[in-house]
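Order of the sequence lines fixes the chain letters, A, B, ..., with proteins taken first and strands second; residue numbering starts at 1 for each chain. In this text, all values refer to a predicted model and were calculated from it rather than measured experimentally.
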Amino acid sequence: MGAPQPPGRREAGSQPDLRVARVLPDVAALAARAFDYLVPASLAAEVRVGSIVRVPLHGRRVRGWVVALPEEAETGRRLLPIAKVSSVGPPADVLALAEWAAWRWAGPVTRFLRTASPPGAVRELPPAAGPGRGPPPRRAAGHAVEVVRAPPAADPFPVVEEAARGGDALVLAPSLGEAAMVAARLRRAGVPVAVAPREWARAAAGGCTVVGARAAAWAPVPGLAAVVVIDEHDEVYQEERAPTWNARDVAVERARRAGAPCWLTSPCPSLAALALAGGGSVRAPSRSDERAGWPVLEVVDRRDEAPGLGLYSERLVALLRAATPEERVVCVLNRKGRAVLMACAACGELARCERCDGPLESGGELGMRCRRCGLAQPPVCRWCGVGRFKALRIGVARVRDELELLAGQAVAEVTGDTPPAGPGGGFPAAAVLVGTSAVLHRAARAAVVAFLDFDQELLAPRFRAGEEALALLARAGRVAGGREGRVLVQTRAPGHEVLDAARHADPSRFTVVEGARRAALRMPPEVALARVSGPGAAGVVAQLDGGQLDGVETLGPAGDRWLVRAGDHRSLCDALAAVKRPGERVRVEVDPLRA
DNA sequence: CGGACAAGCTGA
DNA sequence: CAGCTTGTCCGG
């Protein structure tokens with residue numbers, strides 16, 4: 001090509017308003033490659049960094065984000081014009097945060113930009129909701145993150161109010177329902193509020209505190225003055241699919257970048273949160289306040305129980321018999337593994353293998369698979385030909401029958417399909433309920449929460465089992481209403497530090513022991529972990545092993561999964577970012593909850 | 001991702 | 001050899 005004259009270059013005197021925009025198309029296969037476009041003069045006023053645009057790309061129109069407004073184009077080729085500005089998009093600080101998250105969780109930046117974008121097109125922003133008080137003076141470095149420990153029955157709202165008093169805050173709650181309640185209370189207190197993602201435009205306009213669930217970590221908050229994450233230990237803050245970003249970690253980084261204080265509230269602070277707060281910065285309640293907010297813990301040592309009693313100790317039976325609709329008993333039993341048996345939804349016949357007659361489970365290439373011989377087969381009943389099956393929860397169903405006999409009154413099973421207790425109705429009225437730990441999210445209140453087999457939680461083969469077990473006890477404590485209620489735990493490990501912590505209403509009794517154990521085992525938060533799996537995983541691991549990276553080691557494989565371990569996230573994420581992704585699929589989970 | 005284009009396959 | 005499928009390449 002002769003005499004290259006990049007059309008993107010701005011020359012003195014020639015169309016000074018014809019600018020260049022660098023656009024990141026929302027096309028996964030492009031692996032976050034940005035392209036330069038011309039900004040037509042008619043769109044110049046609307047195009048900003050973050051704007052959501054439609055651009056021609058290879059013969060079609062695709063959505064994308066303006067990620068920069070460079071002085072001149074990167075290439076000498078002829079630039080195409082932006083076709084349309086579809087919507088106001090994430091502000092520049094959120095864009096930068098998305099780039100950081102793409103590094104931190106080894107994922108495509110477009111995934112984060114999608115979460116950060118308004119749910120529908122926003123043509124222009126409404127007027128600001130309030131004066132926009134702007135960020136307060138920065139706090140001393142190193143004290144930006146504070147863990148606020150408050151027992152299960154305590155109300156975290158005062159922390160939210162304290163944060164919102166200092167300026168426009170970002171408040172995250174585990175669910176949209178809880179976020180809506182916090183928002184309503186803030187409004188009653190006279191604080192302008194936007195609920196994300198519904199009121200994205202209102203949030204972007206500024207002058208209000210923004211409240212939402214996980215995705216609200218990406219909401220626009222101009223003049224961010226404080227960040228609060230309620231119940232930071234809750235696993236719902238972490239995205240299950242890769243990239244496995246965690247809203248708590250995003251919120252902490254956001255606060256750091258804004259120079260704003262960040263409060264992480266929890267009855268049982270995660271080791272990750274304690275590490276983020278730098279070890280020392282924990283605001284703990286007085287001993288008596290904390291004690292008042294945890295339930296009375298009763299531990300039944302199953303080793304002392306008469307053999308043959310199974311899951312039903314004398315103490316449990318006594319509580320069951322005393323249960324009334326006002327003084328409910330909620331029994332929790334987490335079954336091992338997944339659905340036990342499948343039965344035809346039409347004729348009720350058990351689904352059995354066409355080769356060996358073994359029981360079928362859902363999964364496999366054709367939809368169902370033999371649990372005994374592994375043969376894949378279609379989900380069609382061999383007896384009546386109907387293709388619909390239901391899972392028989394043999395475990396809980398049988399336990400329900402037996403509890404009913406022992407209690408001498410009706411026992412209702414609560415599953416994920418049971419509507420939550422509340423004005424909607426449909427929640428069982430029985431004095432005794434039984435279900436998996438989902439029952440703790442559905443039942444509003446109970447006098448007693450009984451864990452029939454807590455060893456499944458305490459001794460689960462996962463490095464975070466202890467944290468999860470303590471979180472369950474805290475959850476139970478909330479359902480039981482703190483000191484008003486009691487939590488019964490049947491276990492063969494009554495001396496476990498999780499039970500010790502709950503008994504003394506002092507979660508540090510657990511975190512101190514657990515932290516030392518993690519350090520000894522070289523597990524998070526002492527180190528940073530990632531799990532790599534999928535057909536291309538071996539190639540990725542080979543590159544990491546061959547790269548002579550300081551302090552990065554790979555462990556495995558276990559099945560088709562490897563672990564990558566490094567001293568901290570900087571070396572882990574730098575190493576992962578340097579890997580060339582092979583053609584085959586690779587799943588990278590940074591900070592896996594289960595490893 | 002999805003359009004463009006080339007190479008490969010098929011049948012009259 | 002037209003007309004179709006399948007595979008590979010690449011985007012401003």
- Quick one: closest heavy-atom pair of A/Trp65 and A/Arg114, and the distance? CZ2-N, 3.7 Å
- Message: Measure CZ/A/Phe35 against C1'/C/dG11 and give the value in whole Å, please.
- Response: 5 Å
- Task: Establish, yes or no, whether a centroid distance under 6.0 Å links the rings of A/Trp218 and A/Trp200.
- Result: no
- Once you round it to whole Å, what is the distance between C1' of B/dC1 and CZ of A/Arg114? 11 Å
- Of the nucleotides B/dC1, B/dG3, C/dG12, which has the atom closest to the A/Leu79 side chain? C/dG12
- Return the orientation label for the A/Phe112 and A/Trp105 ring planes: parallel under 30°, perpendicular over 60°, tilted otherwise. tilted
- Contact class for A/Arg22 (heavy atom, under 4.0 Å): base, sugar-phosphate, or nothing? nothing
- Task: Specify the separation, in whole Å, of atom CD1 of A/Ile82 and atom P of C/dG11.
- Result: 19 Å
- Query: Rounded to the Å, how far apart are A/Arg78 CZ and C/dG11 C1'?
  - Reply: 17 Å
- What is the distance from CZ of A/Arg60 to P of B/dC1, rounded to the nearest Å? 10 Å
- Looking at A/Arg464, A/Arg462, A/Glu467, which hits side chain to side chain contact (heavy atoms under 4.5 Å, CB included) with A/Leu593? A/Arg464
- Message: If you compare every side-chain N and O of A/Arg33 against the phosphate oxygens of C/dG11 (OP1, OP2), does one of them come in below 4.0 Å?
- Response: yes
- Message: Applying a 4.0 Å non-hydrogen cut-off, can you work out what A/Ala28 is touching in the nucleic acid: base, sugar-phosphate, or nothing?
- Response: nothing
- Message: Rounded to whole Å, how long is the line connecting atom CG of A/Asp26 with atom P of C/dG12?
- Response: 17 Å
- Protein-nucleotide distance (A/His58, atom NE2; C/dC10, atom C1'), rounded to Å: 5 Å
- Let me know the distance between CZ of A/Arg63 and C1' of C/dG12, rounded to the nearest Å. 19 Å
